[in-house]
Amino acid sequence: MVEKIAYKLTRKPKLVALIAVLMLIPSIIGYAATRINYDILSYLPQDLPSSKGEQLLEDPFQMAATSMLIVEGMPAGYTNKLIQDIKDVPGVSSAVWISNLVGIQIPVEMIPAEFRDMFFSGQATMMLIQYDHPGASDETMASIQQVRDLCNQHCFLAGFSVVIKDTRDVMDGELPIFVGLAILLALLAMSVTLESSVLPFVYLASIGMAVVYNFGSNIFLGQISYITKAIAAVLQLGVTMDYSIFLYHRYEEERANFDDKRDAMTQAIIAAFRSLSGSSLTTIAGFLALCFMRLTLGRDIGIVMAKGVVLGVATVILVLPSLVLVFDRQIDKHKHRTLIPSFNKLNRWIFRGRVPLVVLTLLMFLPAIYAQNHAEIYYKLDESLPRDLPSIVSNEKLKDEFDMATSHFVVLRDDLSAADMGELESRMKDVKGITSVLSFHSMLGTGIPDFFIPETVKNMLRQDGYQLMMINSSYSPATDEVSAQLDSMNEILHSYDPEAMITGEGAMYRDLIETSSVDFQVTNYISIAAIFLIIAFVFKSISIPAVLVATIELAIFINQGVCYFTGAEIPFIAPTIISCVQLGATVDYAILMTSRFQEELNKGLDRRDAIHAAACSSDASIVTSALVLFCATLGVSFVSSIDLIGAICIMLARGALISALVSIFLMPAILCVCEPLFRRTSWHWRVPVSMLPEEAKEEVNEETTV
């Protein structure tokens with residue numbers, strides 16, 4: 001079947017290329033129709049109390065999207081007119097200021113100071129704005145923009161939904177720069193390492209199609225996260241470049257065996273299909289391990305990237321051969337020498353120092369593991385944003401002027417007695433760090449008659465058998481202080497209503513911290529186990545996968561440990577992504593060298609000559625692959641003003657280099673020293689190919705080209 005398909009593909013390369021181009025049209029439409037989710041907290045497991053509480057805020061309270069508008073130094077007439085204009089904005093369900101919170105019948109001066117201080121601070125006043133749709137929805141984003149358009153320079157719109165809006169605006173502005181710089185730097189890397197100045201453009205055309213196909217097919221997922229959108233394209237470019245290089249090199253080898261270059265390409269396609277379908281499994285396994293995260297952001301990234309690798313392999317097999325045949329003359333015409341140096345002397349030095357290098361490798365595990373475990377991690381997403389963004393400035397004002405760093409939303413039964421509610425509110429106010437408590441009962445407790453309270457305010461605080469308490473805290477989300485505060489609040493709350501729930505940024509960030517810490521362990525173990533089994537199957541060995549995975553894990557420990565030694569804080573999602581992606585994408589370096597080492601041994605060479613030949617033939621491919629992945633991701637880290645994206649990309653870039661250095665400098669020594677162990681714990685490790693049956697010969701040849 002593969003032979004027939006390969007033959008047909010090579011007979012009409014221009015037609016195949018045209019079909020590939022036409023397939024970009026539905027892919028572009030699918031890409032445009034795929035929604036981008038900028039709310040990372042929405043990926044929390046839906047069975048958590050904070051998530052359940054968030055669902056109740058959406059329905060029936062319509063409070064999931066709430067922002068706070070601070071007005072500084074403006075007369076009451078301006079504020080009154082502004083609040084009326086905001087109420088008319090499409091998508092705004094209510095706008096509450098102290099005058100309409102207690103009814104116009106009650107003069108502001110008669111409202112108790114404790115209640116009034118929630119809305120006034122010096123020359124500044126605050127109003128609450130609610131929206132009809134969830135906080136990260138397109139409708140709410142449009143409403144926030146219209147509210148901003150109504151405000152002057154003395155107004156500051158704060159809240160989590162506003163942060164999401166600014167994040168989206170920053171991403172939309174920077175994404176074209178991400179992609180453009182990644183392409184430019186990848187071209188530069190390939191121009192240095194490849195033997196033709198035209199070939200990099202052919203590779204990029206093929207991979208670019210695969211990227212567009214991948215993003216277009218995301219429409220079946222409904223939406224993807226903005227993190228996936230930012231890194232998927234450059235990551236797919238970096239990890240699938242190897243496949244293109246392998247196909248072309250195999251084509252060059254086959255050209256000497258055939259008069260017709262189309263027949264040579266047919267054989268190259270067959271070889272590529274057999275080899276790449278196996279070698280890509282480690283990368284796919286690394287990405288799919290992310291799907292086991294309880295934080296479903298991992299599934300989002302894992303599915304998109306695993307799909308991208310599959311489509312990358314498919315494009316290399318089906319589309320790239322046609323492009324190479326169409327531009328074959330130009331590729332040959334513009335050939336040049338590569339700038340990759342010879343590794344001959346280096347590899348001889350590595351062999352002489354193989355025992356000290358193995359000892360050094362073992363010793364490096366201790367500081368690397370320690371540094372990885374002690375690297376500082378942050379969870380609060382707005383810490384990754386530029387500090388001069390309007391939403392960040394507004395949130396700081398909210399914290400400094402109104403002592404509102406975090407707002408907790410408590411959803412509880414509506415049938416608690418007035419005495420219980422009074423006692424509950426009093427105990428909540430006594431919790432360390434709590435600055436104010438707002439509820440329907442607390443409003444009545446100020447002496448305001450029930451009939452004076454507007455119906456809109458009643459509906460905001462009481463719905464369908466539930467009542468809502470808004471509790472403000474002076475502690476910032478994702479801190480130990482707010483975590484201890486939540487423990488105290490839950491203990492108090494559940495003594496009155498065991499089914500009550502606390503939600504809001506503080507509760508959701510704490511759940512995020514607890515969930516992601518477990519996710520890191522689970523996904524790391526799953527990715528290691530999956531890749532271990534794949535390598536064990538390929539080499540029919542127990543010891544080889546243990547050695548290869550451990551060596552690349554050392555590179556991962558070093559990569560993450562660098563953050564500890566430099567004092568850099570990394571976002572919570574970075575360790576999980578790096579551990580799976582770096583292992584899956586760069587273990588191929590170790591597999592490549594090990595396969596070639598086995599091949600040279602089976603030719604009858606001794607360990608010294610076999611490892612020297614294997615290293616010399618593998619180093620150039622490792623350098624090319626690592627350099628492309630490094631350049632593609634490094635550009636994003638330079639440009640991105642969102643530290644969450646920049647930190648992930650700089651770690652991916654650094655990880656590619658570290659894995660390459662470990663593979664080039666340490667792997668030959670490790671393989672040479674461990675070869676007797678491989679021989680005793682592997683099947684057909686040192687059986688000469690000439691002594692095997694024909695089918696086994698083909699199998700060995702395929703494995704050694706992976």
- request: Fit a plane to each ring of Y509 and F160, take the angle between them on a 0 to 90° scale, and name the class: parallel (under 30°), tilted (30 to 60°) or perpendicular (over 60°).
  value: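 Perpendicular: the ring planes of Y509 and F160 meet at over 60°.
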Report yes or no: do [X] and [Y] form a side-chain donor-acceptor pair below 3.5 Å?
| X | Y | result |
| --- | --- | --- |
| H408 | E505 | no |
| Q145 | D149 | yes |
| S384 | D643 | no |
| S476 | K399 | yes |
| E423 | Y496 | yes |
| S217 | Y31 | no |
| T435 | D403 | no |
| S225 | T228 | yes |
| E54 | T503 | yes |
| T34 | Q223 | no |
| Q130 | S94 | yes |
| D511 | S51 | no |

Do [X] and [Y] come within less than 4.5 Å of each other through their side chains, counting heavy atoms only?
| X | Y | value |
| --- | --- | --- |
| I648 | I227 | yes |
| V522 | V518 | yes |
| M469 | L424 | yes |
| C155 | L82 | yes |
| I434 | Q485 | yes |
| N472 | L438 | no |
| V410 | M501 | no |
| S640 | M171 | no |

task: Kindly indicate, with the supporting measurements, whether the criterion side-chain contact (heavy atoms from CB on, under 4.5 Å) is fulfilled by E425 and D420.
output: CA-CA 9 Å; E425 291 162 0; D420 284 346; over 6 Å; no
For atom [atom1] of [X], is the number of surrounding heavy atoms from other residues, nucleotides or ligands below 6.0 Å larger than 12?
| X | atom1 | result |
| --- | --- | --- |
| E491 | CD | no |
| R299 | CZ | no |
| D480 | CG | no |
| E514 | CD | yes |

task: Could you check S394 against S391 for side-chain hydrogen bond (donor to acceptor under 3.5 Å, both in side chains), going step by step and ending with a plain yes or no?
output: CA-CA 5 Å; S394 300; S391 59; over 6 Å; no
- prompt: Step by step, would you call D519 with T576 a side-chain hydrogen bond (donor to acceptor under 3.5 Å, both in side chains)?
  reply: CA-CA 7 Å; D519 281 343; T576 306; over 6 Å; no
Which atoms form the tightest heavy-atom contact between [X] and [Y], and what is the distance?
| X | Y | value |
| --- | --- | --- |
| I377 | P575 | CD1-CG, 4.1 Å |
| Y226 | I40 | CE2-CD1, 3.7 Å |
| R413 | Q467 | O-NE2, 2.8 Å |
| Y378 | L644 | OH-N, 3.7 Å |
| M141 | G135 | CE-O, 3.0 Å |
| A375 | Q560 | CB-O, 4.0 Å |

message: L385 vs V163, test: side-chain contact (heavy atoms from CB on, under 4.5 Å). Steps then yes/no.
response: CA-CA 9 Å; L385 297 173; V163 174; 3.4 Å; yes
query: So, R510 and D487, do they make that salt bridge, N to O below 4.0 Å?
result: yes
Just by modelled atom types, is the [Y] backbone N or O under 3.5 Å from a matching donor or acceptor in the [X] side chain?
| X | Y | result |
| --- | --- | --- |
| S488 | A484 | yes |
| N490 | L486 | yes |
| E72 | Q123 | no |
| T140 | H133 | yes |
| S42 | D39 | yes |
| S516 | I513 | yes |
| S143 | E139 | yes |
| T296 | Y43 | yes |
| S121 | E401 | yes |

message: Show, in sequence, the C-alpha distance, side-chain angles and deciding distance for K229 and D300, and conclude whether the salt bridge (charged side-chain N to carboxylate O under 4.0 Å, His left out) test is met.
response: CA-CA 10 Å; K229 177 183 177 182; D300 184 276; over 6 Å; no
task: Mind running salt bridge (charged side-chain N to carboxylate O under 4.0 Å, His left out) on D47 and R294 for me, showing each step along the way?
output: CA-CA 11 Å; D47 59 346; R294 290 196 71 208; 3.0 Å; yes
task: Under the side-chain contact (heavy atoms from CB on, under 4.5 Å) rule, what do I224 and N37 come out as? Steps first, then yes or no, please.
output: CA-CA 6 Å; I224 60 172; N37 186 357; over 6 Å; no
field: Worked verdict on R148 versus D166 for salt bridge (charged side-chain N to carboxylate O under 4.0 Å, His left out)
entry: CA-CA 12 Å; R148 278 179 164 172; D166 284 347; 2.8 Å; yes
field: Atom pair CG (L398) and CE (M404), whose distance is rounded to the nearest 0.5 Å
entry: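 Rounded to the nearest 0.5 Å, the CG-CE separation comes to 4.5 Å.
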query: Could you state the interatomic distance from OG (S50) to CD1 (I502), rounded to the nearest 0.5 Å?
result: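 Reported to 0.5 Å precision, the distance equals 10.5 Å.
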